[in-house]
Each structure stands twice: as structure tokens, then as C-alpha cells.
Amino acid sequence: MNVIPCSINTLTGLYNISGVEVGQHLYWQIGGLQVHAQVLITSWVVIAILLGSVTLAVRNPQTIPADGQNFFEYLLEFIRDLSKTQIGEEYGPWVPFIGTMFLFIFVSNWSGALLPWKIIQLPHGELAAPTNDINTTVALALLTSMAYFYAGLTKKGLSYFGKYIQPTPILLPINILEDFTKPLSLSFRLFGNILADELVVVVLVSLVPLVVPIPVMFLGLFTSGIQALIFATLAAAYIGESMEGHH
């Protein structure tokens, strides 16, 4: 007779772990700024994972790479090829930026799916992937936008702004609007896909047994990686476009 109550308690626990709290945050006051504490905490964890992994991989570099070193060299080659394809021959200085964007978003997305953040209880809000907060995705998009303008100004100087009146000055408002919508589209694309994936899992867990949502969670890992690749590819494409000086 105790089997049914135990099963109900188990399902209730799983539901609570998979729940998403919308609009609630744990705030920290830093100077005159109010920040989302849970985003800072999870971002620090992601940064620690990246730094720790790299440190372990390169602590004893070998001429013939093996294990972790081989993986990171393959990853570096992948990021270099991505940057070169989108930016062109002048891709070299932008490899660290594109690589940082790709790795931070990738590890952030996967941390939300693999790490049991929701087991840790907070007074307000909950721990989740950093990219689950629109402030993070907006910040990443604004960094991309700054890099976009920096690349164009470095390459062409003030003549870079001449592109806004090409091929005709009539297109000036449209060309300016396009540059402002690029970071906006990057931000909402990343945030929307990550949040939608979490909401789908929550709905499935609440409606059907856990064995059904599990394949969806694995699919979420795949789509999370694709989102990181899309963001990095578009960021590199925008930078390459600004250096070429045409649309």
C-alpha cells in the first residue's frame, strides 16, 4: 500500500527538479548595480570548467598529441576553419573571440542540460544555464556588435560609415536599422531556443513518465550545440562583412 505514495513522492520530486521559475531572480547589490546572482554563479562555474579543462589539456604538451591535447587541438582547428570561412584571410586576430563565444555558449547550454542545477535551492529564482537569462544573451550579442564595428573601423577608418549610403543615400535608415537588428536577432535566437527547449521538457515531465522526456533531453543537447555553432558562425560572418565593407 505504500508503493503508490512513494511513487507519487518520487514523481513530485522529479517535477520540482525539472520546474522552471519564470521572472524570479536572486539579486546581489554590487556598488550601485543590481545583478542576477544565479547568472553570475553559473557563469563562474562555466568559466571554471573551461579554464580547468584547458589547464589539464596543456599542462604537459607533447609533440604527438594524445587524449585531451588532441581533442583541444582538433577544437582549435575547427574554430580556425570556421573563422577563416566566414571572415577570410584576415581571420587570425579574431580566432580567440569567435572561439570564446562558441565555447562559452556551448558549455553554458550543456551545463543547463547535464548539471543538476535545480537540486541547489535558492531563496529566489533557480540556477540554470547562463544562456537561459536574456541579459546574458544580450551581453554576448552586444559584444559581437562591438567587435563588428571595431573590425570595420580598424580596417577602413571613418570611411567605413560610407557603406550606410551605398548604393544610394535613400537606404541610409534601412542600413542603420540593419546594424541595430543584428545583435537583437542574435540575442533572441539564442535565448528563445534555450528557453523553449527547457519549457518543452518541463511540459513533458508533467504530462508523461520520465522515460518519455529523456530522448527529448538528449535532443536538447544536440540543439544546444547547434545554437552555439550558429551564434559563432553568424558572429564571424558579421565581422567578415564589416571588413569587406559590403552587404
Side-chain angles (χ1 to χ4, degrees), residues 17-18 26 28 30 35-87 91-122 126-133 135-137 139-144 146-147 186 190-191 193-194 197-198 201 214-215 217-236 239:
I17 290 175
S18 64
L26 176 64
W28 282 349
I30 301 179
V35 299
H36 292 176
Q38 74 273 15
V39 177
L40 288 180
I41 293 171
T42 52
S43 296
W44 291 337
V45 172
V46 170
I47 294 171
I49 291 173
L50 290 171
L51 291 178
S53 300
V54 173
T55 301
L56 291 175
V58 301
R59 71 184 188 281
N60 186 25
Q62 303 293 327
T63 305
I64 301 177
D67 301 331
Q69 182 184 344
N70 190 48
F71 171 76
F72 276 95
E73 287 191 10
Y74 170 78
L75 188 60
L76 175 61
E77 192 65 28
F78 170 77
I79 295 172
R80 289 179 60 187
D81 290 342
L82 172 64
S83 303
K84 184 176 182 179
T85 300
Q86 300 298 327
I87 298 176
Y91 73 96
W94 294 102
V95 171
F97 178 79
I98 301 301
T100 300
M101 285 291 179
F102 173 77
L103 291 175
F104 180 80
I105 295 173
F106 184 90
V107 176
S108 294
N109 292 348
W110 273 46
S111 71
L114 297 178
L115 298 181
W117 291 118
K118 297 176 179 63
I119 293 179
I120 304 175
Q121 299 295 322
L122 298 178
E126 62 181 13
L127 296 177
T131 45
N132 193 35
D133 191 296
N135 295 286
T136 303
T137 61
L140 294 174
L142 288 177
L143 284 174
T144 302
M146 292 172 60
L186 278 176
L190 178 59
F191 171 73
N193 281 276
I194 299 305
D197 179 65
E198 288 201 8
V201 173
I214 284 178
M217 294 178 181
F218 283 111
L219 179 61
L221 292 177
F222 174 75
T223 57
S224 296
I226 294 297
Q227 285 302 315
L229 177 60
I230 291 174
F231 193 103
T233 301
L234 289 177
I239 292 172

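Residues satisfying the side-chain contact (heavy atoms from CB on, under 4.5 Å) test with V107, not counting sequence neighbours, are V46, I49, L50.
Atom CG of L82 sits about 14.5 Å away from atom CH2 of W94, to the nearest 0.5 Å. Separation of atoms CD1 (I226) and CZ (F106) is listed at 9.5 Å; rounding is to 0.5 Å. One finds the CD1 atom of I79 at 4.5 Å from the CG atom of L75 (value rounded to the nearest 0.5 Å).
Between Y91 and R80, the shortest heavy-atom contact is OH-NH2, 3.4 Å. Contact between A141 and F231 at its shortest, heavy atoms only, is N-CZ, 4.0 Å. What you find for T144 and A235 is that their closest heavy atoms are CG2-CB, 3.6 Å. Pairing each heavy atom of F104 with each of P130, the nearest pair is CZ-CB, 4.4 Å. Nearest heavy atom pair, residue I98 against residue I239, reads CD1-CD1, 4.1 Å. The two atoms that bring Q86 and T233 nearest to each other are NE2-CG2, 3.6 Å, heavy atoms only.
In this structure, the side chains of S53 and F72 come closer than 4.5 Å at one or more pairs of heavy atoms.
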Derivation and outcome, side-chain contact (heavy atoms from CB on, under 4.5 Å), residues L76 and E73: CA-CA 5 Å; L76 175 61; E73 287 191 10; 5.6 Å; no
